[in-house]
Amino acid sequence: MQKLDLPERPDWRDKAADQGFTFADMHGEPYWDEASAYCFSLAEIEERIEDPATELHGLCREAVARVIGSEELLDRLEIPEAHRDYIAQSWQDGEPELYGRFDLVYDGDGPAKMLEYNADTPTSLYESAAFQWQWFEDQQALGVLREGDDQFNGIHEAIVERLGAMFAPETQLHFTALSGAPEDYATVEALGWAAREARLGAHYTDLEKIGVSEDGQFLDDEDRVIGTLFKLYPWEDLLRDDYAAHLATAQCRMIEPPWKAILSNKGILPVLWEMFEDHPNLLPAFFESDLTDPSPETAARLERASEAMARGHVLKPIFSREGASISIVEDGAVTETASNDGYAKHPRIAQAYHPLPVFAGFRPVIGAWIAGEHCAGIGIREDRGRITQDLSRFKPHFIRD
Amino acid sequence: MTKRSRTAALAIVGAASFALAGCREEPVEAQAFPDLESCRSAVGPTSLFSEQDCTDAFAEAETLHAETAPRYDSLAVCEEQYGEGNCGSEAQATGGGSGSIFMPLLAGYLIGNMLGGQRGLAAQPMYRNANGRFTTPAGGTTYANNTGRANLNPSTFNKAPVTAGKPPLTRATAASRGGFGGSKTGSGLRSFGG
């Protein structure tokens, strides 16, 4: 893994504008940044990122089964009691998942470590699957990249294939996101493209405009019944909204399926560590309350991880996005706190601190995309700070042996 | 063996055009006729369509009618939408269908000239609605007449969801709206992805 300075495509801003990539610059800072790119060997991609990410997804599925069978864990993950049957049913019915994104720390040396799993509402799909792909094709055509170079980016094709496997041709899918968030919308539209390529119907409605019929079915902004709904809106919020009461009876198939409420919850991290302690791609993790009052079994596990945890750990609320409300604790003192504390009221987990590597002043996080149950590509975001927040930059990558 | 998609040239077009993304849509020259005969008799030097077009379009509209007409579980519910006397049983409409599923009667058809498209000629069945206007199986848009020329959005000619063989449905009306989006777990974020 290296970071190389490369000439930018002279016309990339025009291309971004033409394609509607309106947030290539955000808040006066570049978001898309192609002045440099990350370079990997094929073996690194396949053995250090692709295969481990696919395996991690498999471990996560095992962890879902465990949580669904345990009222105690459902309590700790704050899964509302009223919706536990609905969630369990979706798991028992084998409702298939569409996509997700692992955030991995990888420094070119040693195994990648899972920081968290954006298993429910991952964004940056458009820039990963499409704009990054275009960058590679353009740079290869311009001779900046070599003929034998490649990119780990089968994301779009894999999602098309997955959607085609999930739904019969001509099935009408609705897509929704909260209005006024262009980054979220870009991910939704990238999925809409994929749906159309999979010969499915794709309709968009703003989340706030969804209605409920007298029969308790969800309706779009034109009163059409929603049979299948992709929502770029987290399950933990969906389950607490006024319409949550209709979820189980609306006869609406949801994407991601309800059981993803368990995976997108950071409480899954201590569950994974309990089930797969010392797995090379996992970091020690515990519920914060277990740090002071553990059961005997947890105390033993805590003891085995005590050195790593004491050196440093990261406190994350079980619900948190874009780095909000995260703190880093080193040698017993808080040394870094996210500027946004919107999620501070929720219980937290503690994860052993594994610093991100530094490349030319920036710290990259590898986003490993899962389509269905397999890793299909990566997108890298880097931040100056130790907590990757919503103003991080997106960096393209390529493979060269 | 490459590790990237063969193609992934996507564009983000914007919410208003979600269903149309991928190509710039030009309006379609279209004409409505109450029946096949009126189409045939309108053929002349300035008409948009030939007699053969009339026959082909009418046949396509009849096929689409059988496949995609809204289906209801009672005559009363169907007539609420389409007006008294404007519905019939599936058995009457398609031959071999159910006698207890009801659908609107064909009240005309739209014929469109998909300029520059791959499809050439396009057609849709038309139904009278309860307000005396006209509509197509997908609903959404109503027309004052079942006769006359207009420039229509090409999506007018998209095939509506197939209803044949599916449980009959009632087109719903919203009892409430806006019950999603409260975002009760977080606050102050401008985006809900991660």
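Here is the naming used below: chain letters follow the sequence lines, and residue numbers restart at 1 for every chain.
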Heavy-atom cut-off 4.5 Å, strictly under: side chain, backbone, both or neither for A/L125 against chain B? neither
Need one label for A/E116: side chain, backbone, both or neither, based on atoms under 4.5 Å from any heavy atom in chain B. neither
Identify which part of A/Q132 has an atom lying under 4.5 Å from any heavy atom of chain B, answering side chain, backbone, both or neither. neither
Any donor-acceptor pair under 3.5 Å from A/W235 side chain to A/S264 backbone: no
Ion pair B/R4/A/D149, N-O distance below 4.0 Å: no
Could you tell me the separation between the CG atom of A/N153 and the NZ atom of B/K3, rounded to the nearest 0.5 Å? 11.0 Å
Would you check if the side chain of A/N118 reaches a backbone N or O of A/T121 as a donor-acceptor pair within less than 3.5 Å? no
Which region of A/Q172, side chain (C-beta onward) or backbone (N, CA, C, O), has a non-hydrogen atom less than 4.5 Å from a non-hydrogen atom of chain B, or is it both or neither? side chain
Chain B contact via A/E78 - side chain, backbone, both or neither, heavy atoms under 4.5 Å: neither
When the 4.5 angstrom heavy-atom criterion is applied to A/A129 and chain B, the contacting part is backbone
So with a 6.0 Å cut-off around CZ of B/R149, is the heavy-atom count from everything else above 12? yes
Quick one: does any side-chain atom of A/E157 pair with a main-chain N or O of B/S5 as donor and acceptor, under 3.5 Å? no
Under a 4.5 Å heavy-atom cut-off, does chain B meet the side chain of A/L239, its backbone, both or neither? neither
Please classify the contact between A/E236 and chain B as side chain, backbone, both or neither, with a heavy-atom cut-off of under 4.5 Å. both
A/H397 side chain vs A/F152 backbone, donor-acceptor pair below 3.5 Å: yes
Tell me, yes or no, whether the heavy-atom count around A/Q140 atom CD, taken from other residues, nucleotides or ligands under 6.0 Å, exceeds 12. yes
What residue in A/I399, A/L207, A/D150 has the most heavy-atom pairs under 4.5 Å with chain B? A/D150
Taking every heavy-atom pair that is under 4.5 Å apart, which of A/Q134, A/E137, A/K231, A/E170 has the most such pairs with chain B? A/E137
Tell me, for A/F136 versus chain B, whether the close heavy atoms (under 4.5 Å) come from the side chain, the backbone, both or neither. side chain
